[in-house]
Amino acid sequence: MAERTVFQSSSQKRVLSMGPAASVREAAGAMTRANCGSALVLGLPDSLLGIVTERDLMTRVLAKALDPETTTVREVMTPNPICVPPEMPVSDALVIMLERGFRHLPIVGPDKRILGVFSIRDALPREIGGAVSQAEFNETVNDALG
């Protein structure tokens with residue numbers, strides 16, 4: 001059986017997005033209403049500028065006591081996020097996520113159109129286990145190579 005792709009596995013095919021001038025409070029409210037752990041930050045015309053996640057709100061806003069009314073998502077987003085193609089196998093996406101500490105990856109088609117967001121929650125335990133094994137192998141090889 002062929003491995004699932006990130007697009008097949010993604011529960012976020014309807015993408016939550018906002019402009020860079022949106023306040024952190026607006027972002028948190030939109031993410032809460034959509035029951036979504038991330039929002040893409042888009043410029044005109046629909047160009048991906050960044051991604052803002054629950055973790056960004058916690059570590060870059062709350063932990064630093066920034067005012068959510070006056071702080072914009074541009075100030076706390078992760079700019080130029082790593083994106084994956086829709087046909088990428090879930091295990092390959094999970095290796096990227098484990099090695100980089102990400103929980104969300106935008107899915108972008110060959111025409112640069114945003115197709116969704118793959119979340120770590122979208123992976124099955126068997127795929128997570130395989131990705132952890134691959135990440136550990138990569139780390140071992142990197143250590144051996146110096």
Show the atom names and distances, to 0.1 Å, of all donor-acceptor pairs under 3.5 Å that link a side chain in residues 139-146 to residues at least two apart or in another chain.
| residue | atom | partner | partner atom | Å |
| --- | --- | --- | --- | --- |
| Thr140 | OG1 | Glu136 | O | 2.9 |
| Asn142 | ND2 | Asn138 | O | 3.3 |

Practice item. Check side chain to side chain donor-acceptor pair (under 3.5 Å) between Thr71 and all other residues, then give those that pass, not counting sequence neighbours. Key: none

Exercise for review: Would you please name every residue forming a salt bridge (charged side-chain N to carboxylate O under 4.0 Å, His left out) with Asp67, sequence neighbours left out?
Suggested key: none

Practice item. Verify the distance criterion only: is there a donor paired with an acceptor across the side chains of Glu3 and Ser91 at less than 3.5 Å? Key: yes

**Study point:** Atom pair CD/CE of Glu54 and Met31 - distance to nearest 0.5 Å
**Key:** 5.0 Å

Point to revise | Working for side chain to side chain contact (heavy atoms under 4.5 Å, CB included), residues Val24 and Leu66 | key: CA-CA 9 Å; Val24 165; Leu66 298 180; over 6 Å; no

Review point. If you measure from CG on Leu48 to OG on Ser17, what distance do you get to the nearest 0.5 Å?
Key: 10.0 Å

Practice item. Please name the pair of heavy atoms, one in Thr59 and one in Ala63, separated by the smallest distance, quoted to 0.1 Å. Key: O-CB, 3.7 Å

Point to revise | Reference residue Leu115; test side chain to side chain contact (heavy atoms under 4.5 Å, CB included); the match among Val84, Ile107, Val6 | key: Ile107

Exercise for review: Kindly indicate whether the side chain of Leu16, heavy atoms from C-beta on, has any atom under 4.5 Å from the side chain of Leu40.
Suggested key: no

Point to revise | Minimum heavy-atom distance between Arg4 and Ser9, given as atom pair plus value | key: NH1-OG, 2.9 Å

**Study point:** Single-linkage hydrophobic cluster, 4.5 Å side-chain cutoff, Ile82 and Met88 together
**Key:** yes

Check your understanding: Between atom CZ of Arg103 and atom CD1 of Ile120, what is the distance when rounded to the nearest 0.5 Å?
Key -> 8.5 Å

**Study point:** For the student: nearest non-hydrogen atoms of Met77 and Leu49, plus distance
**Key:** CE-O, 3.7 Å

Review point. For residues 74-90, which residue pairs qualify under side chain to side chain donor-acceptor pair (under 3.5 Å), counting only residues two or more places apart or in two chains?
Key: Arg60-Thr78, Thr72-Glu75

Review point. How would you list, by chain and number, every residue that makes a side-chain contact (heavy atoms from CB on, under 4.5 Å) with Ala27, sequence neighbours excluded?
Key: Met18, Val73

Practice item. Just jot down the salt bridge (charged side-chain N to carboxylate O under 4.0 Å, His left out) partners of Arg33, sequence neighbours excluded, or say none. Key: none

Review point. Any idea which heavy atoms bring Val15 and Gly116 closest together, and the distance?
Key: CG2-CA, 3.5 Å

Check your understanding: Say you draw a straight line from CZ of Phe102 to CG of Leu94; how long is it, rounded to the nearest 0.5 Å?
Key -> 13.5 Å

Review point. Where do Ile51 and Pro81 come nearest, in terms of heavy atoms and distance?
Key: CG2-CB, 3.8 Å

**Study point:** N/O donor-acceptor pair under 3.5 Å between Asp122 side chain and Ser119 backbone
**Key:** yes

Exercise for review: Would you give the length of the straight line joining atom OG of Ser10 to atom CZ of Arg121, rounded to the nearest 0.5 angstrom?
Suggested key: 12.5 Å

Exercise for review: Only pairs at least two apart or in different chains count here, so list each salt bridge (Lys or Arg N to Asp or Glu O under 4.0 Å) that has a residue in residues 19-29.
Suggested key: Arg25-Glu69

Revision key, fill the gap. Output for pair (Leu62 CG, Asp56 CG), nearest 0.5 Å, gives 11.5 Å

Practice item. Please name the pair of heavy atoms, one in Val41 and one in Gly19, separated by the smallest distance, quoted to 0.1 Å. Key: CG1-C, 4.0 Å

